[in-house]
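One structure is given here, and the rest of the page talks about it.
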Amino acid sequence: MEEALVLYPSPLVGHLISMVELGKLLLTHQPSLSVHILITSVPYNSGSTSTYIANVAATIPSIKFHHLPTVTLPSTKTNNHEQIVFEVLRLSNPHVREELLSISKNYTIHGLVVDFFCSAALSVAKELNIPAHYYFTSGAGVLSIFLYFPTIHNTTTKSLKDLKTLLHIPGVPPIPSTDMPVPMLEREDKAYEYFKYSSCRFPELSGIIVNTFESLESRSVKTASEGLCVPNDRTPPIYCIGPLIATEGPKDDAVTRNGTRLECLKWLDSQPVEEMKLALPMKESESGFVSATEVEERVRGLMESEEGRLIRERTVGMKIAAKVASSSGGSSRVALSKLVESWKDK
């Protein structure tokens, strides 16, 4: 039978685009592969994806989309989007199982790749004996934080918002506890529980795919790969296959949140050009505005200083390193090859 890989993003637009780009990358390495993407929906506006999905399906026949039935959430008063997404994905498990069984009638499924929100589906993958991977798009530094999160939970008793201390996480600089991701701040929140649940499931994975490259985050990659972020359990293989950048997506996706253009940008759009010009020379005030001249001086000072020169040099160096990592024989291409080979070995 034809070989297939199933990708399962959370319903948010950005997560879908990231999974599609991963599918495209895998097809460049193995054109014979059939990529199947499972689509769920949430009971709020998470951004329109229908046109984007139609375009991808029309231009890349090897990528197929499967729309799962809409689930009914139990009555709840929460407006926490993370919690709602986790709930939707948890309740979608029976549909995920049914779809995987349906796909397996005509394809040999080599693996299921899910994003962090879709951790509930790992139970389905285990039941059906399908290797499961997380696709982590936030880089190795953030991955280190999530890998270490169960340890933070087990060694503290207060909510992170109340801890008022520096967190020493292997592979990243010390982080003030209050600067951790918002869903991790309140220990009693349902969203916190879901994030902890997903973080605790790392050891079950066959691997972690990360959108970064080794030389960009060498310290975090090395520390996480050596298992230092999961001191009391297994760390699965980590595959750094980046940088992976979206080549297309829904218009204005970068300036929207949950499908709605940000209010601040709406306001800016509505302002007459002449009024905006007059606002630029505004003097520093209690509201925090500074003059255009002061902004220019600060930017020019940075760009013309030794610090600015070093930043520019490092940026150019990283750009070159990214190209090297993505080229034939580069670290990301090697990692991608190892990932594909791991599926064949199962």
Side-chain angles (χ1 to χ4, degrees), residues 5 7 9-10 14-31 33 35 63 110-111 113-116 131-149 169-173 175 181 199 202 205-230 234-249 253-254 309-345:
L5 189 69
L7 310 182
S10 73
H15 292 244
L16 170 63
I17 295 172
S18 296
M19 280 294 189
V20 168
E21 293 301 322
L22 176 61
K24 291 178 183 178
L25 178 65
L26 291 166
L27 287 171
T28 64
H29 188 82
Q30 191 172 351
L33 191 67
V35 176
I63 296 181
H110 282 305
V113 179
V114 306
D115 73 24
F116 185 78
H133 293 64
Y134 273 158
Y135 177 39
F136 210 85
T137 60
S138 299
V142 179
L143 172 62
S144 297
I145 294 171
F146 281 72
L147 285 168
Y148 199 68
F149 184 43
I169 299 171
V172 297
I175 302 172
S199 297
F202 277 110
L205 300 169
S206 294
I208 305 168
I209 307 167
V210 192
N211 187 12
T212 190
F213 54 100
E214 289 185 10
S215 59
L216 178 65
E217 300 183 273
S218 55
R219 178 188 172 195
S220 295
V221 171
K222 183 176 186 296
T223 303
S225 299
E226 291 176 350
L228 300 181
C229 298
V230 188
R234 166 185 176 268
T235 298
I238 296 173
Y239 303 94
C240 300
I241 52 83
L244 195 52
I245 302 169
T247 55
E248 61 178 316
D253 180 64
R309 185 185 66 79
L310 293 173
I311 290 173
R312 290 195 301 277
E313 288 182 358
R314 185 172 186 273
T315 300
V316 172
M318 284 296 103
K319 184 177 180 180
I320 295 171
K323 289 183 178 180
V324 171
S326 302
S327 62
S328 178
S331 62
S332 294
R333 282 301 179 97
V334 171
L336 183 63
S337 297
K338 289 180 179 179
L339 173 65
V340 173
E341 287 302 315
S342 74
W343 290 325
K344 293 180 179 179
D345 293 340

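Just so it is clear, the structure is predicted and the values come from calculations on it, not from any experiment. Along the sequence shown, residues carry numbers from 1.
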Inset, instruction - To the nearest 0.5 angstrom, please state how far the CE atom of Met19 sits from the NZ atom of Lys24. - result: 14.5 Å
Inset, instruction - Could you walk me through whether Phe213 and Cys240 pass side chain to side chain contact (heavy atoms under 4.5 Å, CB included), step by step? - result: CA-CA 5 Å; Phe213 54 100; Cys240 300; 5.5 Å; no
Legend entry - Tyr135 backbone acceptor or donor facing Asp115 side chain under 3.5 Å: no
Legend entry - Approximate separation, where rounding is to 0.5 Å, of Phe116 CZ and Phe202 CZ: 5.5 Å
Legend entry - Flag, side chain of Arg333 to backbone of Ser328, donor-acceptor distance under 3.5 Å: no
Inset, instruction - Test Ile208 against His133 for side chain to side chain contact (heavy atoms under 4.5 Å, CB included), laying out the working first. - result: CA-CA 5 Å; Ile208 305 168; His133 293 64; over 6 Å; no
Legend entry - Note, Trp343 side chain near Leu5 side chain (heavy atom, < 4.5 Å): yes
Legend entry - Thr212 side chain vs Ala140 backbone, donor-acceptor pair below 3.5 Å: no
Legend entry - Donor-acceptor under 3.5 Å (Ser220 side chain, Glu217 main chain): no
Legend entry - Nearest non-hydrogen partners of Leu205 and Pro236, listed with the distance: O-CB, 3.4 Å
Legend entry - More than 12 heavy atoms of other groups within 6.0 Å of Arg234 CZ: yes
Legend entry - Interatomic distance, Leu339 atom CG to Ser206 atom OG [nearest 0.5 angstrom]: 10.0 Å
Inset, instruction - Identify the heavy atoms of Val142 and Ser138 that sit nearest to each other, and give their distance. - result: CG2-O, 3.5 Å
Legend entry - Residue pair Cys229 / Pro170: nearest heavy atoms and the distance that separates them: SG-O, 3.5 Å
Legend entry - Side chains of Lys319 and Thr315 in contact at under 4.5 Å (non-hydrogen atoms): no
Inset, instruction - Look up atom CD1 in Ile169 and atom CG in Leu228, then write down how far apart they are to the nearest 0.5 Å. - result: 13.0 Å
Legend entry - Donor-acceptor pair, side chain of Glu21 and main chain of Leu244, under 3.5 angstrom: no
Legend entry - Leu26 side chain reached by Leu336 side chain, heavy atoms, under 4.5 Å: yes
Legend entry - Student check: side-chain heavy atoms of His110 and Pro131 closer than 4.5 Å: no
